[in-house]
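Shown next, in structure tokens, is the structure this report addresses.
Counting starts at 1 for both ligands and their atoms, in listed order.
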Amino acid sequence: MSLRINSVAPNFTADTTQGKIDFHAWIGDSWVILFSHPKDFTPVCTTELGAFAKAKGEFDKRNAKIIGLSVDSVESHNSWKNDIEETQGQALNYPLIGDPDKKVADLYDMIHPNANDTLTVRSVFIIGPDKKVKLTLTYPASTGRNIQEVLRVLDSLQLTAEHQVATPVNWQDGQDVIIVPAISDEDAKAKFPKGWKALKPYLRVTPQPNK
Ligand code: BEZ
């Protein structure tokens, strides 16, 4: 069965380009972006892995670790790393899981047989420090991901984990947010001292509380 929001992210041990890991121990107290790519030595994947590496500083700022995976071996990943650095101008700076026996890919339902019988699709799992799945994204092999969107949703997940707010369409860190409908106006007065604008009784907009 596919993993749903707030499911516990299944634990596993695996070989990576940075050594063997126990996934839950590796997560520690961090947030994690676990993402799969279809295959080493392919064009779109080369651009994506370079872009994740360039953005690593942004993930670090958010206490988030990144880790990639495909059904290729660690040896294959290690050979491909040179091409990523050469063509994308950035060395890989995060681990890649080698999963030739598809153990992790199956655990996380990353192979979608109607797309391809053997290769992983472009899955993204954002996992919280509580080891629960907070968000999933799935892209086909033909469409590269948007790293800014991964950072944007991570900002929203981290904000909404701490404050009783939700983030509106196209929200970016620093913009106004929405007070969740479960909070009464009475309680909102204490929780949101900057006040709010009620466009409707259920649509109350307030400045981002942690800014
Ligand atoms: C790519 O990364 O370009 C790719 C990988 C697998 C299938 C199609 C495209």
Side-chain angles (χ1 to χ4, degrees), residues 1-5 7 9-10 12-21 23 26-27 31-60 62 64-127 133-155 157:
M1 195 176 88
S2 60
L3 287 172
R4 295 183 171 168
I5 289 172
S7 304
F12 57 84
T13 54
D15 290 323
T16 82
T17 51
Q18 295 184 1
K20 199 175 173 87
I21 61 163
F23 188 53
W26 184 81
I27 292 173
W31 290 70
V32 163
I33 319 299
L34 167 65
F35 68 95
S36 56
H37 66 273
K39 198 166 172 46
D40 293 356
F41 299 99
T42 55
V44 176
C45 300
T46 302
T47 64
E48 283 190 322
L49 270 68
F52 269 111
K54 282 182 188 162
K56 183 167 181 295
E58 290 301 316
F59 289 104
D60 288 344
R62 293 161 172 83
K65 295 178 176 175
I66 48 182
I67 188 164
L69 172 148
S70 73
V71 296
D72 300 287
S73 64
V74 166
E75 292 69 35
S76 168
H77 293 332
N78 278 328
S79 311
W80 181 37
K81 269 166 41 174
N82 303 326
D83 290 0
I84 295 172
E85 181 165 8
E86 181 188 324
T87 62
Q88 306 306 305
Q90 170 66 56
L92 272 198
N93 48 16
Y94 56 87
L96 289 184
I97 296 167
D99 192 33
D101 58 4
K102 304 181 173 64
K103 184 178 82 176
V104 183
D106 285 342
L107 263 183
Y108 281 78
D109 196 27
M110 290 166 164
I111 295 175
H112 295 198
N114 290 336
N116 187 299
D117 276 347
T118 52
L119 302 180
T120 44
V121 291
R122 300 186 194 281
S123 300
V124 180
F125 292 88
I126 301 187
I127 299 162
V133 172
K134 304 300 178 185
L135 180 132
T136 65
L137 292 167
T138 309
Y139 291 66
S142 51
T143 303
R145 283 160 284 206
N146 183 324
I147 311 299
Q148 291 308 315
E149 172 62 1
V150 178
L151 287 164
R152 190 191 76 86
V153 293
L154 180 58
D155 284 338
L157 293 169

(request) Report yes if some N/O of Cys45 lies less than 3.5 Å from some N/O of ligand 1; otherwise report no. (result) yes
(request) Going by heavy-atom distance to atom 7 (C) of ligand 1, choose the closest among Gly144, Ala115, Ala141, Pro140. (result) Ala141
(request) For atom 3 (O) of ligand 1, find the nearest protein heavy atom and state the residue, atom name and distance (0.1 Å precision). (result) Val44 N, 2.7 Å
(message) Just to confirm my output: which protein heavy-atom neighbour is closest to atom 4 (C) of ligand 1, and how far is it?
(response) Arg122 NH2, 3.7 Å
(request) Assess the pair Phe35 and Phe125: is the distance between their ring centroids shorter than 6.0 Å? (result) no
(request) Answer yes or no: are there more than 12 heavy-atom neighbours, outside Lys39 itself, under 6.0 Å from its atom NZ? (result) no
(request) Measure Pro38 to ligand 1 on non-hydrogen atoms and call it side chain, backbone, both or neither using the 4.0 Å cut-off. (result) side chain
(message) For Ile126, run the side chain to side chain contact (heavy atoms under 4.5 Å, CB included) check against Leu34, Leu157, Leu137 and tell me which one passes.
(response) Leu157
(message) I need the Arg145 CZ to Ile33 CD1 distance, nearest 0.5 Å.
(response) 11.0 Å
(request) For Thr46 and Trp80, test the side chains for any donor-to-acceptor distance below 3.5 angstrom and give the result as yes or no. (result) yes
